[in-house]
Colleague: 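I have a structure I would like to understand better, so I am pasting it below and will then ask my questions one at a time.
Here, residue 1 is the first one in the sequence, and each next residue gets the next number.
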Amino acid sequence: MRNTLIAVPLLLALAGGAGAQQAPGRGMGPPLDDENFRPTISMLTSMLQLTPDQVAKITPLRDTLLVTTRAQRQEAAAISAAMRSARRGGAGADSIAALRQRMQAAMLGLMPARMQFHAGIRRFLTPDQANILDQRQQEMMGTMSERMKQPGPP
């Protein structure tokens, strides 16, 4: 259980954001489409200086992540669109808070697949790359922890 409690913020950090996607101009949340869903191969390659061999080994794992999370990501995108619409339409704070809770639940629902992906890529990393990944996650953990505490904008 403790590992799960630690892993969720770590994976949210690797994902580049959590909780509700925000309206344009208000710090968009993580992309949910196939091409930009984080972490992308280019993001990992840049961050970890992956070799072509590592990219070739990691790419199928990301493809699997995309397939296994597609329905959940589509649901999260629909919730995000509903939140933007609610904000533009002047919905009450309670309605937006309920949508934000649904979005957080949808994003957390992606965690098992993300955890499997994360475990899969680690076996292809050098110790130095794994250290870089761990450092990045630690840095982002603090940021994500703060974001999760903050209520979304009305």
Colleague: Hey, is the main chain of Q101 close enough, under 3.5 Å, to the side chain of Q104 for a donor-acceptor pair?
Modeller: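 Not at all, since once roles are kept as given, no pair shorter than 3.5 Å links the two residues.
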Colleague: So which heavy atom on A86 is nearest to which on L99, and how close?
Modeller: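 In terms of heavy atoms, the two residues are closest at CB-CD1, 3.9 Å.
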Colleague: Once you round to the nearest 0.5 Å, how far does CE of M47 lie from CD of Q135?
Modeller: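 Spacing of CE (M47) from CD (Q135) equals 11.0 Å.
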Colleague: When you measure from the side chain of T69 to the backbone of L65, do you find a donor-acceptor pair of N or O atoms at a distance under 3.5 Å?
Modeller: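 Indeed, once roles are kept as given, a pair shorter than 3.5 Å links the two residues.
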Colleague: For F117 and L44, work out which heavy atoms get closest and say how close.
Modeller: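 Taking every non-hydrogen atom into account, CZ-CD1, 3.9 Å.
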Colleague: Nearest 0.5 Å, what's the CZ-CZ distance between R62 and R38?
Modeller: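 So the CZ of R62 and the CZ of R38 are separated by 11.0 Å.
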Colleague: So, do R114 and L108 sit near enough that their side-chain heavy atoms are less than 4.5 Å apart?
Modeller: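 Side-chain contact under 4.5 Å: no.
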Colleague: Under 3.5 Å, side chain of T45 to main-chain N/O of I41, donor-acceptor pair present?
Modeller: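 Indeed, once roles are kept as given, a pair shorter than 3.5 Å links the two residues.
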Colleague: Are more than 12 heavy atoms from other residues, nucleotides or ligands located less than 6.0 Å from atom CG of D33?
Modeller: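 Enclosed: over 12 neighbouring heavy atoms sit under 6.0 Å from CG of D33.
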Colleague: Any donor and acceptor pair, going by atom type alone, linking the side chain of S46 with main-chain N or O of M43 inside 3.5 Å?
Modeller: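 No.
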Colleague: So, taking the atom named OG1 in T40 and the one named CG in D34, what distance separates them when rounded to the nearest 0.5 Å?
Modeller: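 That separation rounds to 12.5 Å.
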Colleague: With distance as the sole test, does Q72 use its side chain to make a donor-acceptor pair with the main-chain N or O of A106 at under 3.5 Å?
Modeller: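 Side chain of Q72 to backbone of A106: no pair is present.
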Colleague: Hey, does the Lys NZ or Arg CZ of R73 hover above the aromatic six-ring of F37, less than 6.0 Å from the centre and inside 45° of the axis?
Modeller: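 Checked: cation-pi criterion met.
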Colleague: What's the shortest heavy-atom distance between A76 and M103, and which atoms?
Modeller: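 Heavy-atom minimum between the residues: O-SD, 3.4 Å.
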Colleague: What is the distance from atom OG1 of T59 to atom CG of L50, rounded to the nearest 0.5 Å?
Modeller: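 If we round to the nearest 0.5 Å, T59:OG1 and L50:CG are 9.0 Å apart.
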Colleague: Can you tell me how far the CG atom of L110 sits from the CG atom of L32, to the nearest 0.5 Å?
Modeller: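 Atom-to-atom, L110:CG and L32:CG are 7.5 Å apart.
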Colleague: To check you understand the geometry: which heavy-atom pair defines the closest contact between Q129 and Q49, and what is its length?
Modeller: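 Shortest heavy-atom contact: NE2-O, 3.4 Å.
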Colleague: If you measure from CE on M107 to CZ on R102, what distance do you get to the nearest 0.5 Å?
Modeller: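 Between M107 CE and R102 CZ, I get 14.5 Å after rounding to 0.5 Å.
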Colleague: Considering non-hydrogen atoms only, spot the tightest contact between F124 and Q54 and give its length.
Modeller: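 Residues F124 and Q54, closest heavy atoms: O-NE2, 2.7 Å.
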Colleague: For residues I121 and V67: do they belong to one hydrophobic cluster (side chain heavy atoms under 4.5 Å, members Ile, Leu, Val, Met, Phe, Trp, Tyr)?
Modeller: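 No.
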Colleague: Search all heavy atoms of A113 against all heavy atoms of T68 and return the closest pair with its distance.
Modeller: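 Answer, listing the atom of A113 first, then T68: CB-OG1, 3.9 Å.
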